[in-house]
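Shown next, in structure tokens, is the structure this report addresses.
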Amino acid sequence: MIDSKTRLMLVGGVVATGLSAATSYLLRVVYTDRPTGPTPGPLGQLATDAEPAARWVPFLLLTIAITLLIVSGVRIVLNCSPSGCS
């Protein structure tokens, strides 16, 4: 049986993977698919200023997801004995 901490880590890893894909899509919509030139107005200026930092968000979420999934997998393997998982 998988303990609650490991289950939470697995769910967190899957959720972080989904968030990484969603933020990657949103970044593509906001920054790549916009017409040439900056977006007018204060929100456009904010989006332009935040672009370098925003590009790291999917990578960081994917790194968190991979870490959580690896650690939870190791916890599952270490909790299993030859006679079965406890």
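Because only heavy atoms are used, hydrogens play no part in the values below, and waters and symmetry mates are left out as well, while side chains stay in.
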**OP:** With sequence neighbours excluded, tell me which residues meet side-chain contact (heavy atoms from CB on, under 4.5 Å) with Ala54.
**Re:** Leu27, Tyr31
Original post:
For Leu10 and Ile76, what are the C-alpha separation, side-chain angles and deciding distance, and is it a side chain to side chain contact (heavy atoms under 4.5 Å, CB included)?
Top reply: CA-CA 10 Å; Leu10 283 169; Ile76 290 170; 4.0 Å; yes
**OP:** If you link ILVMFWY side chains whenever their heavy atoms are less than 4.5 Å apart, which other residues fall into the same cluster as Leu61? By chain and number, please.
**Re:**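 Leu61 shares its hydrophobic cluster with Val11, Val15, Leu19, Val57.
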Subject >> Hydrophobic cluster partners of Ile64 (side-chain heavy atoms under 4.5 Å) >> reply: Met9, Leu68, Val71
Original post:
Pairs in or reaching into residues 55-70: which pass side-chain hydrogen bond (donor to acceptor under 3.5 Å, both in side chains), with residues at least two apart or in two chains?
Top reply: Glu51-Arg55
Original post:
So, for Gly13 and Ala65, which heavy atoms are closest and what is the spacing to 0.1 Å?
Top reply: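 Taking Gly13 first and Ala65 second, the nearest heavy atoms are O-CB, 3.4 Å.
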Subject >> Shortest non-hydrogen contact from Val14 toward Leu69 >> reply: N-CD2, 4.4 Å
Original post:
Considering residues at least two apart in sequence or located in another chain, which fulfil the side chain to side chain donor-acceptor pair (under 3.5 Å) criterion with Thr6?
Top reply: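 Testing Thr6 for side chain to side chain donor-acceptor pair (under 3.5 Å), a comparison that skips the adjacent residues, returns Asp3, Arg75.
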